[in-house]
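Remember, it's 1-based here, ligands and their atoms both numbered in the order they're listed.
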Amino acid sequence: MPRIRTQSISKTFPDGTQALNSVNLEVHDGELLALVGPSGCGKTTLLRIFAGLDRATDGEIFFDEREISKLPPDQRDLGMVFQNYALFPHLSVFKNILLGLEKHNLSKFDKEEQVQKVAHSLGLADLLMRKPSEISGGQRQRVALARLLARNPSIHLLDEPLSNLDANLRLQMRQELAELHRKHQKTTLFVTHDQVEAMTLGQRICLLNQGSVEQMGTPQELYDSPKNLFVAGFFGMPSINLIHGSIEFKPNGEQAIFNSKDANLSLPLPPNIQPAQQNTILGIRPESFQLVEHSPKNSFVIQRTEYLGDSLVCYLTADELQITCKQPSFEINPADKVGIEVNWNHVHCFDPESGERIQLSES
Ligand code: ADP
Ligand code: MG
């Protein structure tokens with residue numbers, strides 16, 4: 001049974017902005033679901049509707065199959081960490097965490113003990129008397145989390161909790177969040193615009209785009225089987241290469257050939273990559289190429305390389321076509337002429353009109 005389920009949630013703001021368009025999603029009990037998408041796609045709006053801070057224009061929300069769309073926030077047994085942490089600047093860390101327990105039916109002593117316990121577990125024990133302005137960004141982030149954990153609601157909503165931190169700290173807090181989730185197993189909706197955060201933290205991912213769900217699934221499903229061009233382009237760094245062209249089908253079972261629209265490039269297709277239509281876009285990830293000797297119909301020039309330590313990112317061009325590929329080898333230099341070989345097992349084909357993935361024939 002899903003812990004959280006939405007049915008056709010739509011939201012149009014009074015000024016006419018449609019922020020959500022018939023969103024259906026499920027979060028399973030104890031799951032960490034990463035809700036990801038570009039800035040402005042509706043993530044915060046959806047979280048605020050879950051929390052009861054905002055109302056959907058249409059649709060319903062169920063917690064454990066109970067319709068809760070009209071319940072006030074404090075009856076939903078959930079806690080939210082806001083992007084800016086929403087700490088009170090004039091209150092100490094201790095009091096900020098204590099605020100989470102305001103509505104709890106505990107004695108003052110029990111509340112204070114609970115604050116101490118959570119503060120200790122998050123490494124905040126020595127900072128309890130400080131004001132938010134006297135601690136670092138990472139520590140503020142932990143205070144916001146501590147306030148949530150002290151309350152111990154059964155659903156956690158986290159709105160871009162790491163986006164205000166610098167890169168190193170973000171990595172560290174990512175691990176801490178994963179560890180917290182492993183320990184407490186709370187049903188968690190984690191919002192981020194960062195594909196890497198979504199991939200590394202989410203047990204499943206829901207990718208939103210302009211208020212609609214593009215695809216839901218495990219990180220591997222979204223990376224390996226993107227439903228459309230948007231999903232394919234959203235995940236992966238550097239981005240997937242999209243090569244527009246058409247397929248030249250040959251009679252008598254001869255190998256079909258893909259001809260690029262933008263360059264004098266012909267790639268013979270293996271028998272298992274036979275899209276049912278002529279015009280197609282090949283989606284090939286940078287790591288799915290190998291550089292080989294160039295030939296008349298497969299000749300690129302290396303424009304630039306980027307050394308990443310364990311690999312080399314190469315930017316190649318042939319006429320109007322630009323390709324990025326990632327190589328384990330380092331004997332490649334700008335101005336070199338190379339050809340490409342494709343690892344077809346990981347290639348996707350897309351319809352240029354609809355952007356949807358084209359199923360490949362099984363032959
Ligand atoms: P995200 O969190 O994914 O960046 P938001 O949910 O904050 O996106 O916003 C989704 C869309 O709704 C954006 O176009 C934003 O400008 C718009 N929006 C958000 N809040 C309001 C509001 N109160 N009134 C009008 N438009 C809003
Ligand atoms: Mg937001």
Side-chain angles (χ1 to χ4, degrees), residues 4-27 32-61 68-70 72-73 76 78-87 137-138 140-141 144-145 147-148 155-167 169-170 173-174 177 187-202 204-217 219 222 226-235 237 239:
I4 305 175
R5 182 167 70 83
T6 69
Q7 197 164 312
S8 308
I9 290 284
S10 295
K11 172 74 183 177
T12 306
F13 285 105
D15 69 356
T17 308
Q18 183 166 24
L20 295 171
N21 180 15
S22 197
V23 169
N24 293 311
L25 66 76
E26 289 181 353
V27 193
L32 194 161
L33 182 88
L35 182 63
V36 68
S39 187
C41 71
K43 305 179 295 293
T44 297
T45 305
L46 186 57
L47 227 51
R48 287 177 56 82
I49 291 173
F50 280 135
L53 303 172
D54 220 332
R55 277 279 174 89
T57 324
D58 257 313
E60 280 125 36
I61 309 169
I68 55 100
S69 316
K70 297 193 177 64
R76 295 187 182 199
L78 51 75
M80 182 156 167
V81 170
F82 297 88
Q83 190 168 357
N84 58 7
Y85 315 142
L87 300 180
R140 270 177 232 156
Q141 209 271 328
L145 268 178
R147 187 164 58 191
L148 177 84
I155 295 174
H156 289 183
L157 305 176
L158 311 177
D159 193 1
E160 310 224 22
L162 309 183
S163 64
N164 290 334
L165 307 179
D166 65 47
L169 198 53
R170 211 152 65 201
M173 289 307 296
R174 204 160 87 198
L177 276 181
T187 304
T188 304
L189 249 165
F190 176 88
V191 163
T192 176
H193 64 269
D194 180 350
Q195 50 146 325
V196 176
E197 245 169 60
M199 288 276 238
T200 50
L201 265 178
R204 285 190 312 141
I205 294 175
C206 173
L207 175 57
L208 270 188
N209 179 29
Q210 296 187 352
S212 298
V213 176
E214 292 280 357
Q215 191 170 353
M216 265 186 95
L222 270 65
K227 268 174 75 175
N228 56 38
L229 284 173
F230 182 84
V231 183
F234 191 84
F235 294 101
M237 194 86 108
S239 297

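Residue S39 does not count as close to the Mg ion (ligand 2), with no N, O or S atom under 2.8 Å.
Inside a 4.0 Å radius of atom 16 (O) of ligand 1 there is not any protein heavy atom. Within the 4.0 angstrom cut-off, atom 19 (C) of ligand 1 has one or more protein heavy-atom neighbours.
Using a 4.5 Å cut-off on side-chain heavy atoms (C-beta onward), L177 and L158 make contact. When side chains are defined from C-beta on, L162 counts as touching E197, because their heavy atoms get closer than 4.5 Å. At least one side-chain heavy atom of C206 sits under 4.5 Å from a side-chain heavy atom of L33. Between N24 and R5, every side-chain heavy-atom pair lies at or beyond the 4.5 Å cut-off.
What sits closest to atom 12 (O) of ligand 1 on the protein, heavy atoms only, is A19 CB, 3.5 Å. In terms of protein heavy-atom proximity, atom 26 (N) of ligand 1 is nearest to F13 CD1, 3.3 Å. Scanning the protein for heavy atoms near atom 1 (P) of ligand 1, the closest one is G40 N, 3.5 Å.
The shortest heavy-atom distance from G37 to ligand 1 is not under 4.0 Å.
No more than 12 heavy atoms of other residues, nucleotides or ligands shown are found within 6.0 angstrom of CD on Q210.
On a distance-only criterion, G42 and ligand 1 share at least one N/O pair closer than 3.5 Å. Remark: ligand 1 and C41 share an N or O pair separated by less than 3.5 Å (distance only, no angle test).
Side-chain atoms of T44 and D159 form a donor-acceptor pair, as typed in the model, at a separation below 3.5 Å. No hydrogens or angles considered: nothing links the side chains of T192 and D194 as a donor-acceptor pair under 3.5 Å.
The proximity of T44 to ligand 1, defined as any non-hydrogen pair under 4.0 Å, involves the side chain as well as the backbone. At a heavy-atom distance under 4.0 Å, only side-chain atoms of T17, from C-beta outward, approach ligand 1.
Each of L222, V36, N209 was scored for a side-chain contact (heavy atoms from CB on, under 4.5 Å) with E214, with one residue passing: N209.
Each of the atoms 5 (P), 6 (O), 9 (O), 10 (C) of ligand 1 lies under 4.0 Å from some heavy atom of T45.
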